[in-house]
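Here is the structure we will look at.
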There are 2 protein chains.
Amino acid sequence: MKEKKKRSNCPVSCSLDIWGDKWSLLIVRDLMFSKQCTYGDFLKSEEKIATNILASRLQTLEENRIITKSDHPDSKAKVLYKLTQKGIDLLPIMIEINLWAEKYFTIPADQKAILKEVKKDKETFIKTAKNDLKKMI
Amino acid sequence: MKEKKKRSNCPVSCSLDIWGDKWSLLIVRDLMFSKQCTYGDFLKSEEKIATNILASRLQTLEENRIITKSDHPDSKAKVLYKLTQKGIDLLPIMIEINLWAEKYFTIPADQKAILKEVKKDKETFIKTAKNDLKKMI
DNA sequence: TATTTTTGCTTGCAAATTGCAAGTTCAAAG
DNA sequence: CTTTGAACTTGCAATTTGCAAGCAAAAATA
């Protein structure tokens with residue numbers, strides 16, 4: 001496990017050291033939507049991540065205990081990736097990103113529908129969603 | 001202004017297209033703390049951003065209307081950078097990043113003190129902080 | 001049982017980005 | 001008029017990205 005040097009002790013800087021790139025939070029997003037994904041599932045996402053980048057990001061996220069690998073119940077050839085508690089705790093950040101983006105971009109209708117639910121009662125939405133994800137650990 | 005192609009219409013992806021890197025949110029962080037910064041102020045930050053990277057990020061953030069350049073009242077040689085409303089609206093994301101980091105990293109005492117205030121009443125903290133920033137526009 | 005397909009990667013390589021150091025330009029101070 | 005300061009720009013090596021192809025093990029198919 002290669003320990004990368006922190007740029008500073010600033011909470012924002014420390015966070016970005018781990019997932020501050022164009023791809024990591026998309027992996028986390030997929031896991032928040034799907035609860036668990038295979039390597040192939042990530043590749044199916046709209047943004048078309050390259051296989052080597054995916055492997056690299058999954059490794060970094062695993063090293064930093066944001067995600068875990070586990071055996072797929074159906075097949076030894078498949079691997080299941082899941083969020084850890086640390087990964088689940090990124091949910092509030094993910095939600096605020098969505099709310100910000102909703103204000104400044106045109107986003108898909110189905111996403112808007114979810115955000116409508118979020119805005120009704122953010123606290124409850126997060127609590128429920130976190131619990132749902134926790135069940136999968 | 002070079003229009004970069006969006007990877008998808010996903011709100012998270014669109015957001016990361018703009019500020020999904022190791023430096024952009026540190027610039028935003030500095031502006032949230034200091035309200036307004038000069039080029040030199042950014043360079044003084046602990047993380048030691050390179051001058052060319054700083055110039056490049058400032059340009060991208062300006063192109064995407066997260067920040068604006070304005071004249072410094074004291075000198076024509078200086079430039080003031082400020083957050084726009086779009087930039088100010090990143091505050092909830094910034095706060096959630098801080099709260100997440102506080103849970104999983106050891107962070108400086110002064111930062112912890114601020115987060116204690118945040119946790120007392122998040123809504124009010126954000127509203128007040130946003131108003132303070134808005135005054136500077 | 002033999003062969004093909006699926007799955008999760010790894011490898012090679014060109015292109016783009018980053019990071020460091022050293023300019024450059026214009027305003028302001030001495 | 002010379003020096004300093006502020007905001008960049010430039011050059012270049014090192015790292016990272018992105019695309020395509022390859023590969024080994026497991027599973028499905030013939």
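Letters go in sequence order (proteins before strands), and every chain restarts at 1.
- With hydrogens and angles left out, the side-chain atoms of B/Tyr81 and B/Asp30 include no donor and acceptor closer than 3.5 Å.
- Between the CD atom of B/Gln36 and the C1' atom of D/dA6 there is a distance of 16 Å, given to the nearest Å.
- Along DNA chain D, the nucleotide closest to A/Asp74 and the one closest to A/Ser56 are compared, and the more 5′ of them pairs with A/Ser56.
- When atom types are taken as modelled, the side chain of A/Lys22 and the backbone of B/Gly20 share a donor-acceptor pair closer than 3.5 angstrom.
- The side chain of A/Trp23 places an N or O atom within less than 4.0 Å of a non-bridging phosphate oxygen (OP1 or OP2) of D/dG18.
- What separates CZ of A/Phe42 from C1' of C/dT7 is a distance of 14 Å, to the nearest Å.
- With C/dC20, D/dA27, C/dA28 as the candidates, the nucleotide lying closest to the side chain of A/Ser75 is D/dA27.
- As rounded to whole Å, 11 Å separates atom P of D/dA27 from atom CG of A/Asp71.
- Among B/Lys119, B/Gln111, B/Lys116, B/Lys112, the single residue meeting the side chain to side chain donor-acceptor pair (under 3.5 Å) criterion with B/Glu102 is B/Lys119.
- Residue A/Asp17 is tested with A/Arg7, A/Lys5, A/Lys6 for a side chain to side chain donor-acceptor pair (under 3.5 Å); the sole match is A/Arg7.
- Here the C1' atom of nucleotide D/dT17 and the CZ atom of A/Arg57 are 8 Å apart, to the nearest Å.
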Determine all donor-acceptor pairs shorter than 3.5 Å in which one atom belongs to a side chain in residues 46-55 of chain B; sequence neighbours excluded.
from: B/Glu47; atom 1: OE1; to: B/Arg29; atom 2: NH2; distance (Å): 2.9
from: B/Glu47; atom 1: OE2; to: A/Ser8; atom 2: OG; distance (Å): 2.7
from: B/Glu47; atom 1: OE2; to: B/Arg29; atom 2: NH1; distance (Å): 2.8

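- B/Glu47 has its CD atom 18 Å from the C1' atom of C/dC20, to the nearest Å.
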Within the sub-3.5 Å range, which N or O atoms of nucleotides 8-12 of chain C have a protein N or O partner, and how far apart are they?
from: C/dG8; atom 1: OP1; to: A/Val79; atom 2: N; distance (Å): 3.1
from: C/dG8; atom 1: OP2; to: A/Gly40; atom 2: N; distance (Å): 2.8
from: C/dC9; atom 1: OP1; to: A/Lys69; atom 2: NZ; distance (Å): 3.3
from: C/dC9; atom 1: OP2; to: A/Tyr81; atom 2: OH; distance (Å): 2.3
from: C/dT10; atom 1: O4; to: A/Thr51; atom 2: OG1; distance (Å): 2.8

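- Counting to the nearest Å, the P atom of D/dT16 and the CG atom of A/Leu54 are 18 Å from each other.
- Atom-to-atom, CD1 of B/Ile53 to C1' of C/dA16 comes out at 12 Å; the value is rounded to the nearest Å.
- Between the CG atom of A/Asp21 and the P atom of D/dT17 there is a distance of 7 Å, given to the nearest Å.
- Within a 6.0 Å sphere centred on CG of B/Asp71, other residues, nucleotides and ligands contribute 12 heavy atoms or fewer.
- Relative to the six-membered ring of A/Phe105, B/Lys86 meets both conditions, a distance below 6.0 Å and an angle of at most 45° to the axis.
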